[in-house]
2 protein chains.
Amino acid sequence: MTRKIPQSTVRRLSHYLRSLEGFEDEGGTVSSEELAARGQTTAAQVRKDLSHFGSFGKRGLGYRVDELRSRLRHILGIDRPWRVALVGAGRIGRALIEYPDFRARGYECVAIFDSDPDKVGRRLGDQTIRDAATLEEAMEDLQVELVILAVPAEAAHDVAARAVDVGVKGILNFAPIRLNVPPRIPVQDVNLVMELEALSFAISQAEEAG
Amino acid sequence: MTRKIPQSTVRRLSHYLRSLEGFEDEGGTVSSEELAARGQTTAAQVRKDLSHFGSFGKRGLGYRVDELRSRLRHILGIDRPWRVALVGAGRIGRALIEYPDFRARGYECVAIFDSDPDKVGRRLGDQTIRDAATLEEAMEDLQVELVILAVPAEAAHDVAARAVDVGVKGILNFAPIRLNVPPRIPVQDVNLVMELEALSFAISQAEEAG
DNA sequence: TGTTGTGAAGTATTTCACAGCC
DNA sequence: GGCTGTGAAATACTTCACAACA
């Protein structure tokens, strides 16, 4: 039913789910047209995206809102909780785990690590910051599945390798380097400065074109 | 020379520039092969990406490191400073403007706004947080070019519209909504929870496939 | 009637492969 | 001899358009 789904489709699926949030009419239906209008895409694209995972619309009617929502949650893998560890107790990591959506989407921060002795032992949210030296033991005990890697580039490879060794399944990487982990481990890179660069690129291009 | 450059190419250009950072051998050269190895792409892709902007390699030799670096900086529009304002003095925005790369890439935070009276007037870095009500006046005075929009979704449309009205040229948007600005204004959306969803999607898919 | 699901057509992006130049 | 620049081929992604059906 599903083979190789492009990243662009996954992004759109997240959007569709988010769009559904605005719907109070639980028992109602949405058409691909309506969904398309809320994301910036086309009705055909919506239908194609969804069709990769089965056909759960009703011709002439659209998609049942409540069913579509639960299907999307299942497809995105957020119909169950995820045990997440934050490594690097800086601002970004903290921003992320404090997002209301973080918890609302089923991500649960079960451990926070840092190597700075001044930070170790402090409270952060409902967690006490642990010494990064205890990473393996703690991650195994707590059955961590996802790691948010928010450490300096120099430390990132090491932390990633150790996390993968103890069975972590995926990494959200804020370090501006390409992690060298086995291909079975998905890594999602986030680089905020790069996003700014995309902006200055677009503006410069437009200016140059006149 | 350049027409419509895909987003994927722009991302890779940023990577190439970042790769060059590791090079001490300023006067030396890099081949497309080496560049490809540092990003996760192919030599042909590197050459194609660069060829959109002219041909500045030497056959048989590769690209001069120092020249390539300055070309990339020019292409990405970071061969000049950018005047940036942060709207929403929460953790993410602060994380971003405190990144060493933020300044190193020429982005200069010239104003910070928030609507929370408890925050207005406080210092943050080398800035005093301004009342969001004064946004138009301050942005015009300070000739802000880029806005980092890190406010709740409800406020985002309004802030974006006001910023565009006073001549802002681009927006980095952390609010999980589609901003409704004129098409000439580039908007770069960042949604960290969506990145996590891409991760749980990938893992769930792999698990389902067995 | 209205809207899905989907092959087929159309675009966009990547990869190939090789002539051309250092 | 080595490596770029680039058309041409291959692949990936999106849009079209329409049969199927609630």
Side-chain angles (χ1 to χ4, degrees), chain A residues 1-16 19-20 23 25 27-69 71-72 75 198 201-202 205, chain B residues 1-16 19-20 23 25 27-69 71-72 75 198 201-202 205:
Chain A
M1 182 151 100
T2 150
R3 217 86 292 257
K4 180 55 164 47
I5 307 295
Q7 190 76 356
S8 49
T9 296
V10 181
R11 287 211 128 88
R12 285 191 303 263
L13 294 174
S14 288
H15 278 304
Y16 303 153
S19 301
L20 257 29
F23 263 85
D25 185 11
T29 60
V30 236
S31 66
S32 53
E33 199 70 61
E34 291 175 275
L35 243 13
R38 283 147 187 271
Q40 57 190 15
T41 182
T42 65
Q45 184 72 76
V46 172
R47 297 201 297 275
K48 185 69 95 183
D49 285 342
L50 295 177
S51 75
H52 288 130
F53 305 95
S55 47
F56 37 91
K58 295 276 170 288
R59 294 173 196 233
L61 274 171
Y63 303 86
R64 285 237 325 276
V65 171
D66 50 4
E67 185 189 357
L68 182 55
R69 168 149 41 212
R71 293 278 200 151
L72 284 170
I75 293 166
F201 171 82
Q205 289 290 301
Chain B
M1 181 152 102
T2 149
R3 217 81 297 252
K4 180 57 165 46
I5 307 295
Q7 189 77 358
S8 50
T9 296
V10 181
R11 288 209 126 88
R12 286 192 301 264
L13 294 175
S14 287
H15 279 303
Y16 304 153
S19 301
L20 256 32
F23 262 85
D25 185 12
T29 61
V30 237
S31 66
S32 54
E33 198 69 60
E34 291 174 274
L35 244 14
R38 284 148 186 271
Q40 56 191 14
T41 183
T42 64
Q45 183 72 76
V46 172
R47 296 199 299 276
K48 185 69 93 181
D49 286 342
L50 296 177
S51 74
H52 288 129
F53 305 95
S55 47
F56 36 90
K58 295 273 171 290
R59 294 171 197 237
L61 275 172
Y63 303 87
R64 286 238 324 277
V65 171
D66 50 3
E67 184 187 359
L68 182 54
R69 170 152 36 214
R71 293 278 199 153
L72 284 171
I75 294 166
F201 172 81
Q205 289 290 301

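Computed from a prediction, not measured in an experiment: that's the story for all the values here. So you know, we letter chains A, B, ... as the sequences are listed, proteins then strands, and number each from 1.
- Side-chain atoms of A:Thr9 and A:Arg12 form a donor-acceptor pair, as typed in the model, at a separation below 3.5 Å.
- Distances shorter than 4.0 Å separate none of the side-chain N or O atoms of B:Thr41 from OP1 or OP2 on C:dT14.
- Per the geometry, CG belonging to B:Asp49 stands 14 Å off C1' belonging to D:dT6, to the nearest Å.
- OP1 or OP2 of C:dT3 has not a single side-chain nitrogen or oxygen of A:Ser32 nearer than 4.0 Å.
- As rounded to whole Å, 15 Å separates atom C1' of D:dT4 from atom NE2 of B:His52.
- Across every non-hydrogen atom of B:Tyr16 and B:Leu50, the tightest pair is CD1-CD2, 4.4 Å.
- When the P atom of D:dT4 is taken as reference, atom CZ of B:Arg71 falls 15 Å away, rounded to whole Å.
- No hydrogens or angles were tested; on distance alone, nothing pairs the side chain of A:Arg59 with the base of C:dT3 as donor and acceptor under 3.5 Å.
- Distance NZ (B:Lys48) to C1' (D:dT4): 12 Å, rounded to an integer number of Å.
- With rounding to whole Å, B:Leu35 atom CG is found 12 Å from D:dG5 atom P.
- OP1 or OP2 of D:dA22 has not a single side-chain nitrogen or oxygen of A:Tyr63 nearer than 4.0 Å.
- Across D:dC13, C:dT6, C:dC22, the shortest atom-to-atom separation from the side chain of A:Pro6 is found for D:dC13.
- Between A:Thr9 and D:dC13 there is no side-chain polar atom (N or O) within less than 4.0 angstrom of OP1 or OP2.
- Of the side-chain N and O atoms in A:Arg47, none sit less than 4.0 angstrom from OP1 or OP2 of D:dT14.
- Going from atom CG of A:Leu61 over to atom P of C:dT4 covers 9 Å, rounded to whole Å.
- Under the 4.5 Å side-chain criterion, counting only non-hydrogen atoms from C-beta, B:Leu35 is in contact with B:Leu68.
- Comment: A:Glu67 engages A:Arg71 in a salt bridge, judged by a side-chain N to carboxylate O separation of less than 4.0 angstrom.
- Closest-nucleotide positions on DNA chain D for B:Ser31 and A:Gln7 were compared, and the one nearer the 5' end corresponds to B:Ser31.
- When each of D:dG5, D:dC13, C:dT14 is scored by its nearest atom to the side-chain atoms of A:Ser8, the top-ranked nucleotide is D:dC13.
- A:Ser32 and A:Arg47 share a side-chain donor-acceptor pair at under 3.5 Å.
- What separates CD of A:Glu67 from C1' of C:dT4 is a distance of 13 Å, to the nearest Å.
- Residue B:Phe56 contributes atom CZ, which lies 18 Å from atom P of D:dC3 at whole-angstrom precision.
- Where B:Glu33 and A:Gln45 each meet DNA chain D at their nearest nucleotide, the meeting point lying more 5' is that of B:Glu33.
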